[in-house]
S.K.: 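Okay, handing you the structure first.
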Amino acid sequence: MATHKSAQSRPAQKIMDALRSFTTHRSVTVMKPLLVVALAATTLLSSCTVVRQGEVGVRRKLGKIDQDVILAGPKVFNPFVTTVLKVPTTTQNLEIRSNLPSKEGLTVGSEISILYRVQGKQVPAMLETVGMQYADVLILPVFRSAAADVGARYFAKDMHSSERAAIEKAIRDQMATVLEPRGFVIENVLLKNIVLPGGLAKAIEDKLEAEQDAQRMEFLKQRETRDAERRVIEAEGQKRIAVVKAEGEREANIIQAKGQAEAMRIEAEAVRLTNQLINRDLTPAVLKYKSIEAFRELSKSQNAKTIISNGTTPVLNTLAQ
């Protein structure tokens, strides 16, 4: 409020200073018209203000808040009875340091950002009930209460783990329950830096290191298991190959034996058929003819021979002399 009034009265103050300097060299009679002009200029300048984009203005006339908001643009007002209060409606970042209690009774240090904005239509009501110092008067106390309530539900280590997002959301939701009806939108609560107690931080580090060692051992175990399974699969494959090879050789031998047996059967059948043909064709006349031919061939030989025969049968014996 004091800053706003001083900003509005700064041009008038400069004019008044110039008039005081000028009156030291001029008479009062000459200065009366100039004084009227200066006062008129001062009044005109102090009755104008500009509401920028991203903020709304509210008139306060004779101490009473007007329920209509002023949107962006230049505005004229009566500076003697009216003041224009400007409230930003863009997202504001309220950064604080706070100690959060934990479920086990420890205190966890934290740097926190509260992202919020004011709803433009509810600015008049907010100014009537809270005033321009709404961040200190309302938002911070509500945050501390919500943070203490939510933090007491979680262990200190949870604030340094994946549970942080759940804690942030729980604090934001609890703050929104109180502040949204008052004209505030809590966009997010960010726990940017968590400082755990020294002993707990060391315990968490030791636990993480132990978990990493356990994961490393589990990885080695899984790798050894995979290698053993691979060797078993290779052995099974070699065994199957040997079985298939042995079965192939056995089947090959069976096929070969069957082939040989079939060949012998065919050969025996051929001999049998040949003998049948010979027996069928060897008639007594043929045998007698063959005997005569044999005797004829023997008679052509120059060697001395003894032939034993009954005259009708083939040669029985030949004795070389």
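The figures that follow rest on heavy atoms only: side chains count, while hydrogens, waters and symmetry mates do not.
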S.K.: With side chain to side chain contact (heavy atoms under 4.5 Å, CB included) as the test, would you mind laying out the steps for M126 and L138 before giving the verdict?
M.R.: CA-CA 10 Å; M126 182 270 294; L138 186 61; 6.0 Å; no
S.K.: I need the Q222 CD to Q215 CD distance, nearest 0.5 Å.
M.R.: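 CD of Q215 is found 10.5 Å from CD of Q222.
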S.K.: With a 4.5 Å heavy-atom cut-off, do D173 and T177 have their side chains touching?
M.R.: no
S.K.: Which heavy atom of E55 sits nearest a heavy atom of V51, and at what distance?
M.R.: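 Of all heavy-atom pairs spanning E55 and V51, the closest is O-CG1, 3.5 Å.
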S.K.: Given the rule in the side chain to side chain contact (heavy atoms under 4.5 Å, CB included) test, do V142 and I186 qualify, once you have shown the distances and angles that lead to the verdict?
M.R.: CA-CA 11 Å; V142 171; I186 306 302; over 6 Å; no
S.K.: Give, for atom CG of D158 and atom CZ of R164, the distance between the pair rounded to the nearest 0.5 Å.
M.R.: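 Atom-to-atom, D158:CG and R164:CZ are 11.5 Å apart.
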S.K.: Hey, what do you get for OG (S98) to CD (E111), rounding to the nearest 0.5 Å?
M.R.: 11.5 Å
S.K.: Measure the shortest side-chain to side-chain distance between I112 and F143 over non-hydrogen atoms and say whether it is less than 4.5 angstrom.
M.R.: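 In contact.
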S.K.: Does Q92 use its side chain to pair, donor to acceptor, with the backbone of T90 at less than 3.5 Å?
M.R.: yes
S.K.: Are any of the side-chain heavy atoms of K258 and E262 separated by less than 4.5 Å?
M.R.: no
S.K.: For the residue pair P124 and V58, what are the closest heavy atoms and their distance?
M.R.: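 Nearest pair, atom of P124 first, then V58: CG-CG2, 4.2 Å.
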S.K.: Mind listing the closest non-hydrogen atom pair of A135 and P141 along with its distance?
M.R.: O-CD, 4.5 Å
S.K.: Around atom CZ of R226, are there more than 12 heavy atoms of other residues, nucleotides or ligands at under 6.0 Å?
M.R.: yes
S.K.: Donor-acceptor pair, distance only, cut-off 3.5 Å: does the side chain of D149 make one with the backbone of S145?
M.R.: no
S.K.: Out of T83, V69, D66, V81, which one pairs with R59 under the side-chain contact (heavy atoms from CB on, under 4.5 Å) rule?
M.R.: D66
S.K.: How long is the gap from CG on L140 to CD on Q133, to the nearest 0.5 Å?
M.R.: 11.5 Å
S.K.: Which pair of heavy atoms, one from A176 and one from P181, lies closest together, and at what distance?
M.R.: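 Nearest pair, atom of A176 first, then P181: O-CD, 3.9 Å.
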S.K.: Can E234 and R230 be said to form a salt bridge (Lys or Arg N to Asp or Glu O under 4.0 Å), step by step?
M.R.: CA-CA 6 Å; E234 290 178 354; R230 178 179 54 81; 3.1 Å; yes
S.K.: For a side chain to side chain contact (heavy atoms under 4.5 Å, CB included) check, start with the C-alpha distance between K86 and T49, then their side-chain angles and the critical distance, and finish with the verdict.
M.R.: CA-CA 10 Å; K86 300 176 185 179; T49 189; 2.9 Å; yes
S.K.: Just by modelled atom types, is the L191 backbone N or O under 3.5 Å from a matching donor or acceptor in the E168 side chain?
M.R.: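 Flag set: sc E168 to bb L191 pair under 3.5 Å.
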S.K.: At what distance, to the nearest 0.5 angstrom, does CG of D213 lie from CD of E218?
M.R.: 13.0 Å
S.K.: If two hydrophobic side chains count as joined below 4.5 Å and joins carry through other members, does L190 share a cluster with Y154?
M.R.: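 Different clusters.
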S.K.: Any side-chain heavy-atom pair from M175 and I114 closer than 4.5 angstrom?
M.R.: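 Sidechains of I114 and M175: in contact.
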S.K.: Less than 4.5 Å apart, any side-chain heavy atom of E229 and any of D227?
M.R.: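 They are not in side-chain contact.
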S.K.: At their closest point, which heavy atom of V150 faces which heavy atom of Q174, and how far apart are they?
M.R.: CG2-OE1, 3.7 Å
S.K.: Once you measure the plane-to-plane angle for Y134 and Y116, does it fall in the parallel (<30°), tilted (30-60°) or perpendicular (>60°) bin?
M.R.: perpendicular
S.K.: Tell me, with the steps shown, if I167 and K169 meet side chain to side chain contact (heavy atoms under 4.5 Å, CB included).
M.R.: CA-CA 5 Å; I167 296 173; K169 182 178 183 301; over 6 Å; no
S.K.: I'd like to know if V118 and L71 are part of one continuous hydrophobic network [Ile/Leu/Val/Met/Phe/Trp/Tyr, side-chain heavy atoms within less than 4.5 Å].
M.R.: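 In one cluster: yes.
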S.K.: For residues L127 and M132, report the shortest heavy-atom separation together with the two atoms involved.
M.R.: CD2-SD, 3.5 Å
S.K.: May I ask you to test the T225-K221 pair for a side-chain heavy-atom distance under 4.5 Å?
M.R.: yes
S.K.: For the CD atom of E249 and the CD atom of Q256, what is their distance to the nearest 0.5 Å?
M.R.: 11.5 Å
S.K.: Check this for me: E95, atom CD, are more than 12 non-hydrogen atoms of other residues, nucleotides or ligands nearer than 6.0 Å?
M.R.: yes
S.K.: Decide yes or no for Q67 and E128: does some side-chain heavy atom of the first lie under 4.5 Å from some side-chain heavy atom of the second?
M.R.: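 A side-chain contact exists here, since the closest heavy-atom pair is under 4.5 Å.
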S.K.: Cluster question for you: counting only ILVMFWY and a side-chain heavy-atom cut-off of under 4.5 Å, with indirect links fine, are M217 and F219 together?
M.R.: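 In one cluster with M217: F219, yes.
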S.K.: Does T89 reach the side chain of R117, with side-chain heavy atoms less than 4.5 Å apart?
M.R.: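 Of all side-chain heavy-atom pairs linking R117 with T89, none is under 4.5 Å.
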S.K.: Can V137 be reached from L179 by stepping across I, L, V, M, F, W or Y side chains whose heavy atoms are under 4.5 Å apart?
M.R.: yes
S.K.: Can you confirm whether R153 is buried at CZ, in the sense that more than 12 heavy atoms of other residues, nucleotides or ligands lie under 6.0 Å from that atom?
M.R.: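 Buried by this count: over 12 neighbours within 6.0 Å.
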S.K.: Applying the 4.5 Å side-chain criterion to the ILVMFWY set and letting contacts propagate, would F155 and L100 be lumped into a single cluster?
M.R.: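 Shared cluster, no.
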S.K.: Any chance you could lay out the salt bridge (Lys or Arg N to Asp or Glu O under 4.0 Å) test for E236 and K239, step after step, and finish with the verdict?
M.R.: CA-CA 5 Å; E236 289 290 338; K239 177 182 177 181; 5.1 Å; no
